[in-house]
Protein chains: 2
Amino acid sequence: MADANREAHAAAFRAIAAHRSEHGLRDTVQRRQIVEVVLQAPAHATLEELIARTRALHPRVGATTVHRTVALLVACGVLVKRRFGDHCARYELARPIAHDHLLCRGCGRVEECPPALAADSAERARTLGFTVVAHECVLYGYCAACAPPPDGAGDP
Amino acid sequence: MADANREAHAAAFRAIAAHRSEHGLRDTVQRRQIVEVVLQAPAHATLEELIARTRALHPRVGATTVHRTVALLVACGVLVKRRFGDHCARYELARPIAHDHLLCRGCGRVEECPPALAADSAERARTLGFTVVAHECVLYGYCAACAPPPDGAGDP
DNA sequence: ATAATTGCAAAGGTTTTGCACATTG
DNA sequence: CAATGTGCAAAACCTTTGCAATTAT
């Protein structure tokens with residue numbers, strides 16, 4: 001797992017470097033510090049959390065810079081921005097293998113589940129003249145630890 | 001299609017009436033006007049749009065009331081609240097048959113596609129000890145009218 | 001009458017922007 | 001040294017809330 005992690009981080013650094021040279025961006029202290037934090041942060045962290053973690057290690061980094069750097073990381077494909085039910089966006093490292101999300105209405109936790117849907121859905125969409133390049137699927141329900149569903153409920 | 005529409009609207013009115021009597025809510029002019037607008041509005045409208053449409057027909061209705069009434073309609077299962085990439089929520093009439101969404105990165109339009117994913121994904125989740133009560137799936141890509149995907153792209 | 005509803009204005013929370021200063025290449 | 005990046009404060013944005021006046025039951 002340490003190896004896989006190291007490989008994922010190396011890939012991230014490669015993507016960042018490529019994006020930087022392609023867009024004439026600069027290699028700054030803050031960006032290196034923020035990237036360091038982002039690569040270590042738990043999946044589905046909010047910007048608030050990423051800012052807090054960054055400032056815990058590097059107090060002089062401004063919140064705005066974290067915002068802007070996270071946006072850069074999304075632009076170069078290292079981070080994926082997601083919106084679950086919340087008011088605020090959440091971020092996770094882009095994975096080569098797609099996965100879906102299980103959102104527990106009991107405890108609110110977001111878990112991940114293996115990709116069961118990509119192939120099916122891409123094919124279905126293609127018959128509609130739509131070329132799928134990515135997908136995002138959230139399943140709402142109750143995890144093993146939480147109470148079973150009450151009764152009839154709407155969609156999300 | 002007119003019949004299906006009429007039936008859907010009748011179902012909505014039934015759900016609203018049931019929810020009203022169950023919660024001791026009142027039947028006000030504004031709520032009737034807002035419901036009228038919501039039932040006619042295109043799918044995936046934002047609150048901004050619903051407010052504009054309401055005020056076009058009924059200038060004296062306040063924005064706050066639209067907010068609150070839409071929340072009521074979500075609570076009683078008539079509307080479904082969704083969040084795509086946007087910053088703001090979008091609303092659509094709840095359908096008895098689930099469907100997924102195709103989000104075109106070319107023109108930004110949101111189309112709907114038949115449910116190809118629900119059964120598969122619910123079963124997969126169940127093996128993980130998760131009880132699924134709803135799902136929401138967005139496929140990103142390019143519709144027939146828009147340019148094909150450029151090349152390698154991140155997840156969403 | 002009593003309790004719910006309305007709508008304005010104000011507050012709340014997240015994300016974006018303007019701009020002077022510092023830093024990179 | 002020219003262009004980019006930083007960070008503070010302020011603005012913009014969507015959403016929620018307090019409250020007096022209005023309305024439904």
Side-chain angles (χ1 to χ4, degrees), chain A residues 16-38 44-76 79-91 156, chain B residues 16-38 44-76 79-91 156:
Chain A
I16 292 168
H19 188 256
R20 186 168 65 221
S21 66
E22 186 180 346
H23 290 78
L25 305 181
R26 291 180 179 174
D27 184 15
T28 70
V29 178
Q30 291 93 330
R31 281 181 185 163
R32 279 195 299 271
Q33 294 174 333
I34 294 165
V35 167
E36 170 202 332
V37 167
V38 162
H44 316 126
T46 64
L47 254 172
E48 201 82 40
E49 289 163 354
L50 293 176
I51 290 170
R53 280 168 169 268
T54 301
R55 304 197 68 148
L57 293 177
H58 313 289
R60 320 189 54 180
V61 176
T64 309
T65 301
V66 179
H67 271 263
R68 289 193 272 223
T69 301
V70 165
L72 277 182
L73 292 173
V74 170
C76 72
L79 280 183
V80 175
K81 178 182 189 172
R82 300 209 181 269
R83 279 180 180 280
F84 301 112
D86 309 47
H87 29 119
C88 61
R90 290 172 179 276
Y91 297 85
Chain B
I16 292 168
H19 188 255
R20 185 169 66 224
S21 66
E22 186 181 346
H23 290 78
L25 305 181
R26 290 178 180 177
D27 185 14
T28 70
V29 178
Q30 292 93 329
R31 280 181 186 164
R32 280 195 298 271
Q33 294 174 332
I34 294 166
V35 167
E36 170 201 332
V37 167
V38 163
H44 316 125
T46 64
L47 254 173
E48 202 83 38
E49 289 164 355
L50 293 176
I51 290 170
R53 279 168 170 270
T54 302
R55 304 197 70 148
L57 294 176
H58 312 289
R60 320 189 54 178
V61 176
T64 309
T65 302
V66 179
H67 270 263
R68 289 192 273 224
T69 301
V70 165
L72 277 182
L73 291 174
V74 170
C76 72
L79 281 184
V80 175
K81 178 181 189 173
R82 299 206 182 272
R83 279 177 179 282
F84 300 111
D86 308 48
H87 28 118
C88 61
R90 289 173 179 276
Y91 297 86

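Bear in mind the structure is a predicted one, so any value in this text is a computation, not a measurement.
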Short question: side chain of A/R55, backbone of A/V61 - any donor-acceptor pair under 3.5 Å?
yes
Within the distance-only criterion (no hydrogens, no angle test), does the side chain of A/S21 pair as donor or acceptor with the backbone N or O of A/A18 below 3.5 angstrom?
yes
Kindly compute the distance separating [atom1] ([X]) from [atom2] ([Y]), expressed to the nearest 0.5 Å.
X: A/R60; Y: A/L57; atom1: CZ; atom2: CG; result: 15.0 Å
X: A/L79; Y: A/R90; atom1: CG; atom2: CZ; result: 14.0 Å
X: B/T28; Y: B/R20; atom1: OG1; atom2: CZ; result: 9.0 Å
X: A/R53; Y: A/I51; atom1: CZ; atom2: CD1; result: 13.0 Å
X: B/T46; Y: B/H87; atom1: OG1; atom2: NE2; result: 9.0 Å

Which nucleotide in the list [options] gets nearest to the side chain of [X]?
X: A/H67; options: C/dT17, D/dG18, C/dT15; answer: C/dT15
X: A/R31; options: C/dT5, D/dT6, D/dC13; answer: D/dT6
X: B/R83; options: C/dT14, C/dT6, D/dT15; answer: D/dT15
X: B/T64; options: C/dT14, D/dT17, D/dC8; answer: D/dT17

With A/Q33, which residues qualify under side chain to side chain donor-acceptor pair (under 3.5 Å), at least two apart?
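Residues passing side chain to side chain donor-acceptor pair (under 3.5 Å) with A/Q33: A/H58.
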Among pairs that include at least one residue of residues 18-38 of chain A, which meet ring-ring contact (aromatic ring centres under 6.0 Å, His included), considering only residues two or more places apart or in two chains?
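Found A/H19-A/H23.
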Roughly how many Å is it from [atom1] in [X] to [atom2] in [N], rounded to a whole number?
X: B/Q30; N: C/dT6; atom1: CD; atom2: C1'; value: 6 Å
X: B/H87; N: C/dG13; atom1: NE2; atom2: C1'; value: 16 Å
X: A/R68; N: C/dT23; atom1: CZ; atom2: P; value: 16 Å

With a 4.5 Å limit on heavy-atom distance, are the side chains of [X] and [Y] in contact?
X: B/V35; Y: B/R32; answer: no
X: A/R31; Y: A/L25; answer: yes
X: B/V38; Y: B/Y91; answer: no

So if I take residues 18-29 of chain A and measure heavy-atom distances to DNA chain D, which residues fall below 4.0 Å?
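Hits under 4.0 Å, by residue number: A/L25, A/R26, A/T28.
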Counting only heavy atoms and a strict 4.0 angstrom limit, can you tell me which residues of residues 44-62 of chain A come near DNA chain D?
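Of all residues in residues 44-62 of chain A, the ones placing a heavy atom under 4.0 Å from DNA chain D are A/R60, A/V61, A/G62.
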Minimal non-hydrogen separation, A/R83 against B/F84, with atom names:
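That closest heavy-atom pairing would be CD-O, 3.8 Å.
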Could you tell me, to 10°, how much the axis swings from one end of the helix from C/dA1-D/dT25 to C/dG25-D/dC1 to the other, five pairs per end?
30°
Applying a 4.0 Å non-hydrogen cut-off, can you work out what B/A63 is touching in the nucleic acid: base, sugar-phosphate, or nothing?
nothing
Nucleotide N/O to protein N/O under 3.5 Å, stretch nucleotides 20-22 of chain D:
none

